[in-house]
Amino acid sequence: MAEHRYEPKQIEPRWQRVWADERTWEVSNDEADGREASYVLEMLPYPSGEPHIGHLKVYSVGDAVAHFHRRSGRRVLHPMGYDAFGLPAENHAIQTGQHPRDSTDAAIASFQRQFREWGISIDWTREFGTHEPRYYRWTQWIFLALYEAGLAYRKEAAVKWCPVDQTVLANEQVVDGHCERCGALVEARQLEQWFFRITDYADRLLTDLDGIDWPEHVKTMQRNWIGRSEGAEVAFRCEDLDPAHPIDYPVFTTRPDTLFGATFFVMAPEHPDVLRLAAGTEHEDAVREYVNRSLTESAQERGDLDKEKTGVPLGRSVVNPVNGERLPMYVADYVLMEYGTGAIMAVPAHDERDHAFAVRFGLPIRRVIADPEGSGELPYTGDGPLVDSHPDFDGLPNREALGAIVDWLDREGKGHASVNYRLRDWLLSRQRYWGCPIPIVHCDACGLVPVPAEQLPVLLPDIEDYAPKGRSPLAAAEDWVRTTCPRCGGPARRETDTMDTFVDSSWYFLRYCDASNDEAAWSKEALARWMPVDQYIGGVEHAILHLLYARFFVKALADLGHMPDGVQEPFARLFTQGMITKDGAKMSKSKGNVVSPREIVERFGADTARCYILFIGPPDQDADWSDSAVEGMFRFLSRFWRACAVAADELADHPVLDEPGEDAVRILRKANWAIERVTSAMGGRFAFNTAIAAVMELFNELTPERRGAADPGSVRFGLATAASLLFPFAPHASADAHHRLTGARVWEEPWPAADPAYLEAEEFELVVQVNGKVRDRVSAPADADRDALLALARDRPNVIAHLDGHEVVKEVVVPGRLVNFVVR
RNA sequence: GCGGAUGUGGCGGAAUUGGUAGACGCGCAGGCUUCAGGUGCCUGUGGGGGCAACCCCGUGGAGGUUCGAGUCCUCUCAUCCGCACCA
């Protein structure tokens with residue numbers, strides 16, 4: 001007998017070569033073979049250095065799903081690309097002078113090599129990097145489509161500025177007042193920037209969440225981020241400046257029921273009218289000083305909740321539209337310009353912040369909602385009947401009064417029901433080099449002029465100095481900046497900002513559907529074939545940014561007629577995988593606890609690495625890496641492969657007997673049980689850990705010791721079934737083992753179906769309880785009825801002992817499971 | 001503060017509609033084989049008691065519902081994550 005050793009270094013490249021030579025995983029858009037289409041997609045990697053353990057996890061999960069879909073009879077699109085623009089490559093260039101393109105392309109080469117070594121089943125014909133002109137040409141085209149639809153615009157606004165990265169940031173990229181990338185304290189700056197009008201889609205982005213199959217916590221995060229509030233907009237009139245021309249200041253409130261309790265009025269320091277209002281009053285200097293201080297304060301300092309309330313009177317007043325009372329005006333930094341209208345009515349009796357401010361500044365506090373519990377404490381933010389408001393409303397429960405008051409305001413023309421969102425427009429321009437150029441020309445005569453579509457792409461020019469200087473490094477490429485206006489032909493300058501890389505990744509899944517189209521970003525027919533993505537897989541860290549932006553793009557493109565009918569969402573199902581930690585901590589170079597996939601694959605092979613990472617626990621949860629457990633997985637695959645190789649020699653060509661013996665039936669039962677287990681684990685919840693455990697259990701029944709007198713055909717069937725079920729997780733070893741045992745290619749085999757005849761057992765282990773405690777177990781026929789089971793149970797010696805001297809008051813029988821005697 | 005999640009052996013984790021808690025694996029212990037071994041194989045392994053048959057305890061904690069609770073209900077503790085002066 002030949003000696004068999006499990007050598008992944010020989011097995012894995014052999015099968016990888018077959019798949020590459022035969023282009024096994026490629027799918028065309030033209031096939032009309034009746035198979036259902038399935039689009040399985042993992043989030044595209046940012047190519048830096050080489051793949052880390054998180055990449056191994058996400059692609060191991062995605063590949064298992066892709067294989068399962070294929071063998072379940074679907075035609076599967078499973079592509080790969082690279083999110084190749086971005087700051088790390090640019091920062092590397094600043095340090096070393098190496099062109100970001102060179103370091104990025106080197107990283108991509110390393111990713112490609114390793115993805116192939118991992119045996120991931122990718123259609124490589126659709127591959128691209130977002131930094132390639134053939135891709136970003138269409139990123140620019142989308143930008144212009146949105147620009148022409150009014151969904152991309154330029155305006156001056158208070159924006160978030162990272163002093164280290166020397167660029168503006170989107171709100172979504174500021175975490176606790178710090179730059180998400182580099183951790184620097186973010187500053188506020190007044191700058192003219194490019195925005196996408198994502199706020200136009202706030203409502204649809206919110207309501208359409210109900211129709212997609214995403215983890216609830218991700219939906220919740222998006223709902224919180226969009227932050228819808230229902231309330232009313234109410235105008236407060238100021239007649240102090242010029243009684244002939246009063247100014248109406250609208251405020252947004254979620255509590256119009258408390259309007260009668262308003263005792264003062266507050267504006268944000270950024271409010272454009274603050275200085276004008278204070279001018280000429282005794283408070284003018286104090287206001288100017290306060291505003292200046294607020295504007296230079298960091299977002300973190302200003303947002304500190306423990307900070308005492310500050311503010312300055314404006315020396316002016318507004319009129320409360322519901323009762324004509326004059327309310328003093330203040331400027332205070334607890335009011336935010338970005339939310340609502342930048343001004344609020346303050347109701348200290350029923351709002352904690354207003355209460356704190358009123359106490360600090362000695363302002364009146366007027367209760368207008370009674371507390372049904374009778375507590376006199378203020379502020380009171382609960383519900384109750386209105387008091388001291390207006391005869392028409394007093395006594396009404398406040399929720400009812402709210403509607404009545406809004407109706408009244410509406411009739412009087414003083415306000416109306418209103419909805420406010422926390423979501424703000426997406427700031428997309430960046431003062432950085434390594435990104436997609438914004439295809440706009442500035443012409444002194446014509447203003448902003450889009451670059452005509454036939455002139456796309458606007459190529460990113462090469463430059464000498466990548467260091468940011470507060471303006472885009474592109475500005476230094478003077479020959480490139482100088483151009484002619486496409487409209488009037490006069491001298492003009494190119495836009496020198498580049499796009500946020502999240503723009504690139506907001507549509508890449510569309511391009512995969514039609515990656516080699518030179519005429520258009522895609523054809524609608526190609527999208528209709530694949531979109532939406534059936535299963536999207538990635539890290540939860542993208543729960544807001546990427547996943548919200550991509551949804552916005554698809555909706556906006558659908559409105560512009562670029563999507564096939566019915567496609568309103570990019571990702572029908574989402575799975576978020578947990579992180580792999582080491583010693584309980586996030587892996588990082590500085591901690592020195594990084595596990596390199598390359599080293600693991602080198603030592604144990606890709607199958608071991610992939611199986612281990614799926615076996616470690618439920619893939620949506622964080623899991624801690626264990627070196628010894630990896631070795632355990634290698635031992636299992638070795639044992640398994642060796643057993644198959646030996647069996648292939650010894651048991652060749654034996655069929656399963658028509659009337660298998662007792663030991664064979666046990667194996668056939670276990671095999672069908674495993675089919676059932678693995679299939680259901682692949683379905684809803686991606687319980688790959690239990691799927692692999694089921695294959696292990698099946699294999700444990702097949703060891704020479706356990707087989708007993710089973711015939712060779714049944715043993716071979718058991719092993720081949722195990723190989724077939726293991727294929728989505730360990731494709732190389734499984735393909736090899738399956739081929740040795742059967743001569744067939746496992747990926748061409750349909751997913752096995754369990755034979756119901758072998759799922760039903762003839763006997764089961766009856767559990768016998770007395771007062772809910774297990775006292776014995778006895779084998780019982782599967783079809784035994786209630787009386788038979790009770791008789792069997794009563795006969796057990798330990799049961800007799802526990803029933804002795806007691807009265808049985810109840811007998812509970814669960815057929816197929818247990819008997820419980822309740823005794824006194 | 002608001003929202004979301006998670007608590008099960010030494011460790012990672014299993015456990016259909018409430019019905020045998022601890023599958024599978026790691027680790028550990030003992031044995032066998034080989035022996036230079038870090039390989040391979042077998043057995044055992046929640047805690048406590050007992051020669052044994054068995055008995056008691058046990059899913060973060062406290063109550064409750066039930067013949068029966070890891071699972072359902074109430075309260076509570078801990079950890080993690082998201083948002084946070086959003087009017």
Side-chain angles (χ1 to χ4, degrees), chain A residues 175-176 215-225 227-229 231 251-255 258 266 268 302-307 309 332-336 338-347 350-354 356-357 381 420-424 540-541 543-544 579 611-612 615-618 620-633 635-636 638-639 642 677 680 687 689-700 703-705 764-777 797-798 801 808-814 816-823:
Chain A
V175 178
D176 289 336
E216 207 45 51
H217 69 281
V218 176
K219 289 190 184 184
T220 303
M221 282 162 79
Q222 292 219 347
R223 285 191 190 105
N224 289 344
W225 189 263
R228 179 188 154 99
S229 299
V251 302
F252 174 75
T253 177
T254 54
R255 294 295 304 277
T258 63
V266 191
R302 180 166 162 181
D304 187 359
L305 268 166
D306 299 331
K307 194 180 80 166
K309 292 274 176 293
D333 66 3
Y334 81 93
V335 175
L336 310 174
E338 314 91 86
Y339 188 76
T341 61
I344 62 155
M345 65 166 195
V347 184
H350 304 292
D351 181 280
E352 285 175 21
R353 298 150 300 176
D354 297 346
F357 191 87
T381 55
N420 231 285
Y421 296 95
R422 208 190 75 108
L423 182 71
R424 284 163 231 153
V540 74
E541 64 273 19
I544 296 172
M579 210 178 21
C611 270
Y612 168 67
F615 184 66
I616 191 168
D620 56 338
Q621 284 171 32
D622 291 350
D624 205 60
W625 182 270
S626 156
D627 287 325
S628 53
V630 179
E631 291 180 33
M633 183 53 73
R635 282 201 295 270
F636 166 70
S638 303
R639 266 201 310 275
R642 218 179 311 124
R677 288 290 301 245
S680 73
N689 53 333
T690 57
I692 294 168
V695 176
M696 288 173 166
E697 281 196 60
L698 168 57
F699 178 61
N700 288 344
T703 57
E705 293 75 21
F764 73 97
E765 194 178 45
L766 177 71
V767 171
V768 186
Q769 298 180 335
V770 178
N771 281 350
K773 283 188 159 52
V774 179
R775 292 306 178 189
D776 212 337
R777 303 177 167 100
N798 200 39
V808 176
V809 294
K810 192 170 180 184
E811 292 161 337
V812 179
V813 179
V814 181
R817 278 198 190 277
L818 60 72
V819 167
N820 185 17
F821 295 104
V822 184
V823 302

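Just so it is clear: chains get the letters A, B, ... in the order the sequence lines come, proteins before strands, and each one is counted from 1. Values in this document were obtained by computation on a predicted structure and should not be read as measured data.
Ionic pairing of R223(A) and E216(A) is present here: one or more N-O contacts between side-chain nitrogen and carboxylate oxygen are shorter than 4.0 angstrom.
In this structure, I616(A) reaches the sugar-phosphate backbone alone: every heavy-atom distance under 4.0 Å involves primed, P, OP1 or OP2 atoms, never a base. The residue G227(A) sits apart from the nucleic acid: no heavy atom pair falls under 4.0 Å. E765(A) comes within 4.0 angstrom of a nucleotide base, judged by non-hydrogen atoms across all strands. Heavy atoms of V822(A) sit under 4.0 angstrom from primed sugar atoms or phosphate atoms, though from no base atom.
Taking every side-chain heavy atom of A693(A) into account, A23(B) is the closest of A87(B), G19(B), A23(B). Picking from G27(B), U16(B), A23(B) the nucleotide with the shortest atom distance to the side chain of R635(A) gives G27(B). Side chain of K810(A), nearest nucleotide from C83(B), C67(B), A14(B): C67(B). Checked against C55(B), C41(B), G4(B), the side chain of N798(A) finds its nearest nucleotide in C55(B). Distance from the side chain of V335(A) is smallest for A87(B) among the nucleotides G40(B), C24(B), A87(B).
Within 3.5 Å, no donor on the side chain of Q769(A) pairs with an acceptor on the base of U20(B), nor the reverse.
Here N700(A) does not reach the OP1 or OP2 of A23(B): none of its side-chain N or O atoms lies under 4.0 Å away. A close approach under 4.0 Å does not occur between any side-chain nitrogen or oxygen of N689(A) and OP1 or OP2 of G25(B). Between S229(A) and A87(B) there is a side-chain polar atom (N or O) within less than 4.0 angstrom of OP1 or OP2. In this model, the phosphate group of G3(B) is not approached by any side-chain N or O of R422(A) to a distance below 4.0 Å at OP1 or OP2.
The separation between Y612(A) atom OH and C26(B) atom P is 11 Å, rounded to whole Å.
In this structure, Q222(A) contributes its side chain and A543(A) its backbone to a donor-acceptor pair below 3.5 Å.
Ring-plane geometry between Y339(A) and F252(A) is classed as perpendicular, the angle between the planes exceeding 60 degrees on a 0 to 90 degree scale with a lower cut at 30.
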